Protein chains: 2
Amino acid sequence: MKILEVLRENGRISVSALAERVGISRANAYTRFEALRADGVIKRFTAEIDHVRTGLGITALIFVTVRQQMWRQFRAELARMPEVEYCAITTGQHDAMIQVRVADVAEVHTMVTDRLANIPAVKATETVFILDEVLRRPYVLPSDRDARSNRPARRTPQEAQGDVPLGKMRFVGAAEGRAALRKDD
Amino acid sequence: MKILEVLRENGRISVSALAERVGISRANAYTRFEALRADGVIKRFTAEIDHVRTGLGITALIFVTVRQQMWRQFRAELARMPEVEYCAITTGQHDAMIQVRVADVAEVHTMVTDRLANIPAVKATETVFILDEVLRRPYVLPSDRDARSNRPARRTPQEAQGDVPLGKMRFVGAAEGRAALRKDD
DNA sequence: GTTGAAATTAGTACGAA
DNA sequence: TTCGTACTAATTTCAAC
């Protein structure tokens with residue numbers, strides 16, 4: 001976990017320096033580093049870039065309602081859209097959320113009306129723009145929880161019982177008629 | 001741009017190997033690599049991990065409606081929540097979307113009712129679960145567009161005019177009474 | 001899991017095209 | 001700007017413990 005904490009901040013650190021920061025020997029660091037990669041805990045190493053500097057300063061979220069039994073087609077079309085950075089299947093009013101990075105707002109319009117709407121699998125879309133990305137962590141680790149300053153290490157659901165019964169919260173369930181929507185549907 | 005393409009797939013590649021793949025000299029690769037970092041085009045290098053393997057297999061999106069003129073407080077509270085991986089300010093029905101990674105669904109409930117609801121800046125929330133992350137690219141580049149197989153390199157908004165006037169699409173505007181919501185409000 | 005020493009590679013500093 | 005090369009420092013590998 002310590003290794004992952006270091007690599008989150010600096011993915012290009014040498015294994016030797018990593019060993020030092022974690023407090024283990026170099027050979028041990030090599031073994032563990034390799035194990036993390038081989039086990040698939042670490043999937044890959046990448047850079048984080050400034051999208052404005054590369055000319056893709058507009059970010060939008062498109063919430064998509066997918067026609068039943070057309071998920072395979074939807075996935076296939078997704079792979080052909082280079083402007084899509086992220087796509088997740090969600091519960092709630094919509095079926096999927098995709099995040100796109102483009103050069104200008106007109107391209108979002110083109111993307112939605114021209115490309116997405118042409119996919120038979122897409123029943124409806126809803127688009128919002130991202131005005132600011134307030135926080136972006138490469139990833140979250142279980143150890144982050146304990147590192148927090150003023151809060152108990154871990155609260156069980158029991159402990160939280162009857163804590164703050166706030167009526168303004170709303171959990172959105174899965175849309176009806178959508179049972180199997182994972183890879184193998 | 002070629003350098004960014006290589007680093008997206010392999011953020012730990014040596015500058016020598018990078019030079020070879022991009023087709024420039026070793027010395028030149030060092031210069032350009034350093035320039036990209038110094039200019040802030042490359043913000044940092046990180047790893048990509050398997051959240052299930054680290055024990056945080058539940059991912060949720062929480063859409064938050066923020067009380068006016070309390071953005072500063074909202075941001076401050078966000079920084080104190082280690083389970084938040086991403087937060088963006090959006091147009092549309094809600095004001096912000098935050099993505100959290102936790103161990104189980106009960107923790108999402110705790111997070112929303114106990115932590116978020118206690119923040120005065122938070123007026124209301126709406127939570128959806130992520131069932132599957134279909135696609136996750138480290139980042140999108142303008143050059144990806146041209147690399148696509150069967151599609152013209154670039155379509156102007158004019159070209160797309162009157163293409164597919166689909167009535168099912170819906171653009172969601174900014175919520176009323178929300179003018180300044182960037183860092184300096 | 002550790003340490004040390006060899007082999008390899010990475011990073012730097014130049015002049016020249 | 002880019003390249004080639006020579007030089008120095010660091011990392012990785014591999015061995016024995």
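If you're wondering where the values come from, they're calculated on a predicted model, not measured in any experiment. Chain letters run A, B, ... following the sequence lines, proteins first and then strands; every chain starts at 1.
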Using the side chain to side chain donor-acceptor pair (under 3.5 Å) definition, which of the options Gln99(B), Arg136(B), Arg137(B) pairs with Tyr86(A)?
Gln99(B)

Nearest heavy-atom neighbours spanning Arg145(A) and Pro82(B)
CA-CG, 3.9 Å

Considering all heavy atoms of both residues, which atom of Glu83(A) and which atom of Arg115(A) are nearest to each other, and what is their separation?
OE2-NH2, 4.3 Å

Tell me whether the rings of His51(A) and Tyr139(B) are parallel (<30°), tilted (30 to 60°) or perpendicular (>60°).
perpendicular

Would you indicate what Arg12(A) reaches in the nucleic acid, counting non-hydrogen atoms under 4.0 angstrom: base, sugar-phosphate, or nothing?
nothing

Nearest whole angstrom, please: distance from the P of dT12(D) to the CZ of Arg32(A).
18 Å

Whole angstrom is fine here: how far is it from CG in Asn28(A) over to C1' in dT13(D)?
15 Å

Nearest-nucleotide comparison on DNA chain C, the residue closer to the 5′ end among Ala29(A) and Tyr30(B):
Ala29(A)

Whole-Å gap separating C1' (dT12(D)) and CG (Leu18(A))
14 Å

Have a look at Ser14(A) and say if it touches a base, only the backbone sugar-phosphate, or nothing, with a 4.0 Å heavy-atom cut-off.
sugar-phosphate

Tell me: CZ of Arg21(A) to C1' of dT11(D), nearest whole Å?
17 Å

Listed nucleotide nearest any side-chain atom of Ser16(B), set dT12(D), dG11(C), dA10(C)
dA10(C)

N/O to N/O distances under 3.5 Å, protein versus nucleotides 4-7 of chain C:
from, atom 1, to, atom 2, distance (Å)
dG4(C), N7, Arg26(A), NH2, 2.8

For the pair made of CD1 in Ile13(B) and P in dT11(D), what is the distance, rounded to whole Å?
19 Å

Take Asp144(A) and Arg8(A) through the salt bridge (charged side-chain N to carboxylate O under 4.0 Å, His left out) test and state the conclusion after the steps.
CA-CA 12 Å; Asp144(A) 294 334; Arg8(A) 170 168 55 178; 2.8 Å; yes

Taken to the nearest whole Å, CD/Glu20(A) to P/dT2(C) is 13 Å

State the OG1-CZ distance between Thr46(B) and Arg44(A), to the nearest 0.5 angstrom.
10.0 Å

For the side chain of Ile24(A), starting at C-beta, report the closest nucleotide among dT2(C), dG11(C), dT2(D).
dT2(C)

Grab the two heavy atoms, one from Ile58(B) and one from Ala103(B), that are nearest each other, plus how far apart they are.
CG1-O, 3.5 Å

For Phe33(A) and dT11(D), what is the distance between atoms CZ and C1' respectively, to the nearest whole Å?
13 Å

